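Before I ask anything, let me first share the structure, which is written out below as structure tokens.
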Amino acid sequence: MKDFYGTQLPNALMLGTAQYPSPAILEQAFRASGASVATVSLRRESGAGQAFWQMIRDLGVTVLPNTAGCHTVKEAVTTAQMAREVFDTKWIKLELIGHTDSLQPDVFQLVEAARILTEDGFRVFPYTTDDLIVGERLLEAGCEVLMPWGAPIGSGRGLSNTYALRAMRAAFPDVPLVIDAGIGVPSHAAQAMELGYDAVLLNTAVARAGDPVEMARAMALAIEAGQRAYQADPIEQRDMAEPSTPVIGKAFLS
């Protein structure tokens with residue numbers, strides 16, 4: 001796995017902390033998943049208080065605050081600066097929503113906010129689309145990680161455009177890439193890793209599952225399987241069948 005701003009993560013799963021039935025289930029799910037990163041909203045922490053923040057500390061994971069719910073550059077930058085003070089980290093997941101129904105990021109404001117935050121010393125993890133030009137602009141703005149969506153947040157639809165995601169992996173071979181949003185079941189997570197992505201960030205698929213703890217465990221296994229499959233160099237797809245048993249030396253009866 002690639003370094004994320006100089007940090008080597010022990011696990012390719014990043015897990016959100018919202019929507020769980022209870023703090024106890026959240027904690028159990030994290031421990032079952034082995035996730036190395038917890039995304040935390042400033043709004044979530046403010047509403048839950050010190051008990052929630054202490055629980056996250058006790059998990060021993062890297063904290064990635066986010067700017068969830070922000071719609072303007074000013075709002076996102078201000079939220080990031082507040083999060084830096086609250087969580088004592090330069091890492092920030094930059095979300096800047098431009099479309100209410102799809103929660104698609106406003107990529108124009110996203111690039112501007114990323115530049116401002118990078119110049120202010122932040123290590124920006126931008127939630128973006130799978131557009132290559134936007135990716136290039138974010139890297140030029142100072143980002144060292146890209147987080148393209150698989151599908152709209154909370155939709156559970158999986159990877160809507162594998163062609164674009166594969167193209168992004170090929171275009172930025174040395175950039176850490178994280179699939180963020182849209183994962184619904186473990187097979188989606190495995191597919192993301194099979195494409196060569198470096199991590200998967202998900203929340204709703206685990207938090208709102210009938211059994212969040214078991215789903216967290218399943219996601220962890222799927223990500224490991226997909227990662228191992230990619231490293232094993234899978235065979236290429238073919239349009240025609242190819243026999244697995246050789247015919248050379250086969251006896252023919254006249």
Side-chain angles (χ1 to χ4, degrees), residues 1-9 12 14 36-37 39-42 62-85 87 89-99 102-153 159-182 192-193 195-202 230:
M1 186 188 300
K2 296 182 179 66
D3 289 347
F4 292 82
Y5 291 104
T7 298
Q8 182 75 45
L9 299 177
M14 302 179 177
S36 56
V37 172
T39 60
V40 181
S41 168
L42 181 64
T62 299
V63 176
L64 177 61
N66 66 40
T67 61
C70 292
H71 294 267
T72 67
V73 171
K74 182 178 181 181
E75 186 180 11
V77 169
T78 300
T79 301
Q81 291 170 339
M82 293 172 64
R84 178 170 57 185
E85 297 301 318
F87 299 108
T89 179
K90 295 180 180 179
W91 281 23
I92 191 73
K93 178 190 170 187
L94 181 59
E95 291 185 33
L96 224 165
I97 302 303
H99 190 266
S102 68
L103 299 182
Q104 181 169 329
D106 182 332
V107 296
F108 304 101
Q109 292 197 91
L110 182 68
V111 172
E112 182 181 351
R115 181 174 292 107
I116 292 171
L117 291 172
T118 298
E119 291 175 352
D120 192 25
F122 282 90
R123 306 292 183 260
V124 179
F125 291 68
Y127 165 60
T128 183
T129 64
D130 50 27
D131 187 282
L132 296 182
I133 305 303
V134 175
E136 289 178 352
R137 295 295 180 268
L138 287 167
L139 295 175
E140 291 170 359
C143 297
E144 297 181 16
V145 176
L146 296 176
M147 302 179 74
W149 64 350
I153 294 172
L159 308 185
S160 297
N161 192 341
T162 55
Y163 171 81
L165 294 172
R166 188 177 290 110
M168 179 167 276
R169 176 71 285 173
F172 307 118
D174 300 322
V175 177
L177 299 180
V178 181
I179 292 294
D180 179 13
M193 300 306 293
L195 290 176
Y197 277 69
D198 300 290
V200 171
L201 195 162
L202 56 91
Y230 177 74

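All of these numbers come straight from a predicted model, not from anything done at the bench.
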Practice prompt. For T72 and Q109, run side-chain contact (heavy atoms from CB on, under 4.5 Å): C-alpha distance rounded to whole Å, both residues' side-chain angles, the deciding distance at 0.1 Å, then the answer.
Written response: CA-CA 7 Å; T72 67; Q109 292 197 91; 4.1 Å; yes
Worksheet entry | Validation row: W91, T7 side chains within 4.5 angstrom (heavy atoms) | yes
Worksheet item: Under a 4.5 Å cut-off applied to non-hydrogen side-chain atoms, are L103 and P152 in contact?
Response: no
Discussion item. Using a 3.5 Å distance criterion without hydrogens, assess whether the side chain of R84 forms a donor-acceptor pair with backbone atoms of F87.
Written reply: no
Worksheet item: Side chains of L159 and L195: does their closest heavy-atom pair fall under 4.5 Å?
Response: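 Contact flag for L159/L195 side chains = yes.
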Worksheet item: How long is the span from the OH atom in Y127 to the CD1 atom in I153, to the nearest 0.5 Å?
Response: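 Answer rounded to 0.5 Å: 3.5 Å.
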Item to complete: Of all the heavy-atom pairs spanning T129 and M168, show the shortest one and how long it is.
Response: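 So the minimum-distance heavy-atom pair works out to O-CE, 3.9 Å.
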Discussion item. Would the distance check show the side chain of R137 and the main-chain N or O of V111 forming a donor-acceptor pair, the cut-off being under 3.5 Å?
Written reply: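 Checking the backbone N and O of V111 against the side chain of R137, no donor-acceptor pair under 3.5 Å is found.
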Practice prompt. Determine the minimum heavy-atom distance between R169 and V175, stating which atoms define it.
Written response: NH2-O, 2.7 Å
Discussion item. Taking the side chain as everything from C-beta on, heavy atoms only, tell me whether L9 gets closer than 4.5 Å to M14.
Written reply: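 Yes; the side chains approach each other to less than 4.5 Å.
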Practice prompt. Using modelled atom types only, decide if a donor and an acceptor are shared between the side chain of D198 and the backbone of V178 within a distance under 3.5 Å.
Written response: no
Worksheet item: Between V124 and P126, what is the shortest heavy-atom contact and its length?
Response: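 Closest heavy-atom pair between V124 and P126: O-CD, 3.4 Å.
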Item to complete: State plainly whether the residues D130 and R166 are in salt-bridge range, i.e. N to O under 4.0 Å.
Response: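 Answer for the salt bridge query: no.
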Discussion item. Once rounded to the nearest 0.5 Å, what's the spacing between atom OH of Y197 and atom CG of L146?
Written reply: 9.0 Å
Worksheet item: Nearest heavy-atom pair of L138 and A114: which atoms, and what distance?
Response: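 Shortest heavy-atom separation between L138 and A114 comes out as CD2-CB, 4.0 Å.
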Worksheet entry | For the student: nearest non-hydrogen atoms of C143 and T118, plus distance |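 Residues C143 and T118, closest heavy atoms: N-OG1, 4.3 Å.
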Item to complete: Using atom types as modelled and distance alone, determine if a side-chain donor or acceptor of D120 lies under 3.5 Å from a backbone N or O of F122.
Response: no
Item to complete: Nearest 0.5 Å please: distance from the CD1 atom of I97 over to the CG atom of D106.
Response: 9.0 Å
Item to complete: Answer yes or no: is there a side-chain heavy-atom contact under 4.5 Å between S160 and W149?
Response: no
Worksheet item: Would you call E112-R115 a salt bridge at under 4.0 Å N-O?
Response: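 The answer is no: the pair does not qualify as a salt bridge.
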Practice prompt. Could you tell me whether a side-chain N or O of E144 sits under 3.5 Å from a main-chain N or O of Y5, the two making a donor and an acceptor?
Written response: no
Item to complete: Report, as yes or no, whether the 6.0 Å neighbourhood of atom CZ on F108 holds more than 12 heavy atoms from other residues, nucleotides or ligands.
Response: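 Incorrect, the count does not exceed 12.
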Fill in: Pairwise distance OG(S36) to CG(L64) - rounded to 0.5 angstrom
10.5 Å
Item to complete: Measure the CG-OG1 distance between L94 and T79 for me, rounded to the nearest 0.5 Å.
Response: 10.0 Å
Response to the item:
When every non-hydrogen atom of K93 is compared with those of D180, the smallest separation belongs to CE-OD2, 2.9 Å
Worksheet item: Would a 4.5 Å heavy-atom cut-off, applied to side chains only, mark L96 and P105 as touching?
Response: no
Discussion item. As a quick check of understanding, evaluate side-chain contact (heavy atoms from CB on, under 4.5 Å) for V107 and D131, giving each step before the final call.
Written reply: CA-CA 9 Å; V107 296; D131 187 282; over 6 Å; no
Worksheet entry | Approximate separation, where rounding is to 0.5 Å, of L110 CG and T128 OG1 | 5.5 Å
Fill in: Under 3.5 Å: donor-acceptor pair, side chain of T67, backbone of E95
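Confirmed, T67 side chain pairs with E95 backbone.
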